[in-house]
Amino acid sequence: MTSGFDDIPFFDEEPAPRKPAPAAAAGGIAARAMAARDASRAPDYLAGLNPEQREAVESLDGPVLVLAGAGTGKTRVLTTRIAHILATGRAYPSQILAVTFTNKAAREMKERIALLVGGAVEGMPWLGTFHSIGVRLLRRHAELVGLSSDFTILDTDDVIRLIKQLIQAEGLDDKRWPARTFAGMIDNWKNKGLDPAQIPEGDARAFANGKGRELYVAYQNRLKTLNACDFGDLLLHPIRMFRANPDILKEYHEKFRYILVDEYQDTNTAQYMWLRLLAQRPKGVPQNVCCVGDDDQSIYGWRGAEVDNILRFEKDFPGAKVIKLERNYRSTEHILGAAGHLIAHNEGRLGKTLFTDRSDPDDDKVIVHAAWDSEEEARAVGEEIEQLQRNQHNLNDMAILVRASFQMREFEDRFVTLGLNYRVIGGPRFYERLEIRDAMAYFRLICQPADDLAFERIINTPKRGLGDTTVRTLHDYARAREVPMLAAAAEIIETDELKNKARKSLFDVVTDFRRWQSLLENTPHTELAEQVLDESGYTAMWQNDKSAEAPGRLENLKELIRSMEAFESMRGFLEHVSLVMDAEQNEDLDAVSIMTLHSAKGLEFETVFLPGWEEGLFPHQRALDEGGRAALEEERRLAYVGITRAKRRCHIWFVSNRRIHGLWQSTLPSRFLDELPPGHVDVAETEQSYGGYGRGGYGQSRFDNADPFSNTYSTPGWKRAQQHRSDATRDNWGTRSGHAVERIGYGESGPKGRTIDGELVARSTSAEPSRFAVGDRVFHIKFGNGNIASIEGNKLTIDFDRAGQKRVLDGFVEKAKLT
DNA sequence: CGACGGCGACTTTTT
DNA sequence: GTCGCCGTCG
């Protein structure tokens, strides 16, 4: 490379929404980075890296796989590596392809690179998610895959509505063959990179009486006529495009001198194909690809991620250098010890062991707590949080990580009662709200008159007397003439196909849209947006709505307009929304975070609470039933992710009773508890939570010490529980007994007594002989009377008269009084 | 067109 | 238990 930072010409006409002067920005970054390099022999940005990190940063030639354990400075390596590439003048910013999975990760990376090399990172146009980069490629080369470059990106909701239409058009019962299911199937196929012709015969047959393939074809055709893509297409179209046009692929090969991929363990097959097309070079040409990931944190297998991609990296890229980052900068020794011992139970892994130098005798061990039921669990966690708060800990430093979102509710209820601030992360998203989607549909239709889905969404919203009949007529008319529905509407009002009322109404809408479209170029887009919402009567619709949500919806609409200000045009805004569905959280508030384990990946907190460690919930029954060993290992990785989120304190909970689908079920502690190393774990012997009155006395942990007030609990079962408290403690997760059929029932119709793969299932049953015998009549505090069907150590299977068959610990039942 | 009642579902989630 | 969807009825 010589002077000047002019890029390869055909990349200069980026549809840059704001005002990056690519050349200048590029020069700025590289120049500053070089200045940083020249400032001293060892450039600042390399200072403070450990030897492995430094090697990962400096190994620029040839393929590199960085196996970066939790908290080992993965992002730092990625960003520093980019800075290093720039600083050493090996590539211009626009010659680096850097891929992440989420917009959030991309954003963070940009910020951190900016910190390293100073100033704008706008010179890095190819740093983004797989999907956003896919869009960028497609907008450029749309015609090669039969689209025009202003194609629409459909989200899940659009896709489902579209599929539903197709299913109905086929004359199929959309109840028997739900659109959602088929959307899921298409998604799976696309994750695997499969065209309709390539899908497995079995899959094709499985849906709609064998019409699966046919429907997939119809769906793709429909997308084409709509000039639209779904998310999967954003990956698949570029793949097709590259395969069909080697010359273009070659241009990109020359273009991208360095390729970096974050979270490689989460790539699915389509992403993998995409990446290989771009990364693999002819013999002799260095493949400067660097993938960073952690096989132990692969938790998205269920949505198509292939851990295998990371496991076979060295085969795909011969001569690859593999660098392990195992020095952890986040957590205490105990937390790492617990997590490491747990994850060691997995077989399919490359094998890393995290370590830290930080060792402090005052560090808490991982603490395991037992609670009677989920309500007590929530109450006790709440108390612990308040206790920490009294000791000057910020709520922002605490998180509750649950397996499934239904668990959140109990915590929310409790925290509302306590007046404890909390935030739920990953709930329903701003752009998915009804009013936002309606408003967006108006905007979409203005920008893209061919967007029939948008048209159908808002043609009668607010109500204008254009009901099903009219829409159907329009639909048929449009199909017959092969024009978009808005165009069809414009035509049909010239005819007498519609009744006068509908015709007049439709005429008004068409006129409105014509007007708005004419304003598109010369009116500020926020102004236009407001105008559209007002003139269409959409705002008025909510103003006249007296339901409780209406004011909030109006507020959201205002927020929508506000958020448009950051964009230069309505088109730019629409593109952003279709790809970036998240809205910023309010960081100012001091609040406990509540989220799923999945959404916690990549985050860290001083204190982490992990409730719900029970068989059937975690590991989840469905994973056990459907996914076999692989799924169990993924659940274990999820547990690993959970523990490794904690910097200093990690509290794990399990309960003995949980309500699932409205039914109380007795539950058994998660097998993962048994897989924790005793040396790094403490058992919470006492809980301060005393069960509330008026709840039948179920509020107290069976591990509570006897206390003066415990005479509230005078039921036989409770006494029994008290008496066997210490036994139960040990049996629950001290010694191990078999887990072959341990599961939470899923109601009468649920699968009964499934087992998991043999070898993982039953280890020896070591518990002492039971005081009960098969056939005994027993009483349980919650389930009433029943007969013992079978005994396994201290676990009894009982046919309860009223509650049906359950498995319970013997500490919770006593011999029934004969009557 | 809107209200109400019955019915089924109900892990995890990004783009 | 609760939510959301769908179909029916007024």
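Taking atom NZ on A/Lys601 and atom P on B/dT14, their separation rounds to 12 Å, with Å as the unit. Taking atom CZ of A/Arg403 as the reference point, atom P of B/dT12 lies 7 Å away to the nearest angstrom. Between the C1' atom of B/dT11 and the CG atom of A/Leu617 lies a distance of 9 Å, rounded to the nearest Å. Straight-line distance from the CG atom of A/Leu624 to the P atom of B/dT12: 16 Å, rounded to whole Å. When the C1' atom of B/dC10 is taken as reference, atom CG of A/Asp625 falls 14 Å away, rounded to whole Å. A/Asp157 places its CG atom 15 Å from the C1' atom of B/dT15, with the value rounded to the nearest Å. Here the P atom of nucleotide B/dT14 and the CG atom of A/Leu235 are 16 Å apart, to the nearest Å. Per the geometry, CD belonging to A/Glu614 stands 16 Å off P belonging to B/dT11, to the nearest Å.
Comparing C/dT2, B/dT15, B/dC10 against the side chain of A/His661 picks out B/dC10 as the nearest. In this structure, of B/dT15, B/dT12, B/dC10, it is B/dT15 that holds the atom nearest to the side chain of A/Leu579. You'll find that the side chain of A/Ser405 is closest to B/dT12, out of B/dT13, B/dC10, B/dT12. Residue A/His598 has its side chain nearest to B/dT13 when only B/dT13, B/dT15, B/dC1 are considered.
For A/His598, the ring-ring contact (aromatic ring centres under 6.0 Å, His included) partners two or more places apart in sequence, or in a different chain, are A/Tyr300, A/Trp302.
Considering A/Glu614, A/Glu375, A/Glu376, A/Glu410 in turn, A/Glu614 is the only one that fulfils the salt bridge (Lys or Arg N to Asp or Glu O under 4.0 Å) rule with A/Arg658. Exactly one residue among A/Arg671, A/His620, A/Gln621 makes a side-chain hydrogen bond (donor to acceptor under 3.5 Å, both in side chains) with A/Glu615. That residue is A/Arg671.
Between A/Ile594 and A/Ile425, every side-chain heavy-atom pair lies at or beyond the 4.5 Å cut-off. For the pair A/Arg637/A/Ser298, a side-chain contact is recorded, criterion being any heavy-atom separation below 4.5 Å from C-beta on.
Across all strands shown, A/Arg180 has no heavy atoms under 4.0 Å from either base or sugar-phosphate atoms. A/Asn191 comes within 4.0 angstrom of nothing in the nucleic acid, heavy atoms only.
Distances shorter than 4.0 Å separate some side-chain N or O of A/Asn103 from OP1 or OP2 on B/dT15. Listed pair A/Ser599 / B/dT12 fails the phosphate criterion, with no side-chain N or O lying under 4.0 Å from OP1 or OP2.
The aromatic ring centroids of A/Tyr422 and A/Phe411 lie 6.0 Å or more from each other.
For the pair A/Asn460 and A/Thr156, nearest-nucleotide mapping onto DNA chain B gives the more 5' position to A/Asn460.
The aromatic ring of A/Trp302 sits over the base of B/dT12, with ring centres less than 5.5 Å apart and planes tilted by under 30°.
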Using nucleotides 6-9 of chain C, report all nitrogen or oxygen pairs with the protein that are shorter than 3.5 Å.
residue	atom	partner	partner atom	Å
C/dC6	OP1	A/Lys164	NZ	2.6

Considering only nitrogen or oxygen atoms on both sides, find all protein atoms under 3.5 Å from nucleotides 2-7 of chain B and state each distance.
none

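A/Glu633 and A/Arg349 are not joined by a salt bridge, as no carboxylate oxygen comes within less than 4.0 angstrom of a charged side-chain nitrogen.
Classification of the A/Tyr216-A/Tyr219 ring pair by plane angle, with boundaries at 30° and 60°, yields tilted.
No side-chain donor-acceptor contact under 3.5 Å links A/Asn309 and A/Tyr264.
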| task | With side chain to side chain donor-acceptor pair (under 3.5 Å) as the test, would you mind laying out the steps for A/Tyr272 and A/Arg276 before giving the verdict? | result | CA-CA 6 Å; A/Tyr272 170 78; A/Arg276 280 193 47 165; 2.7 Å; yes
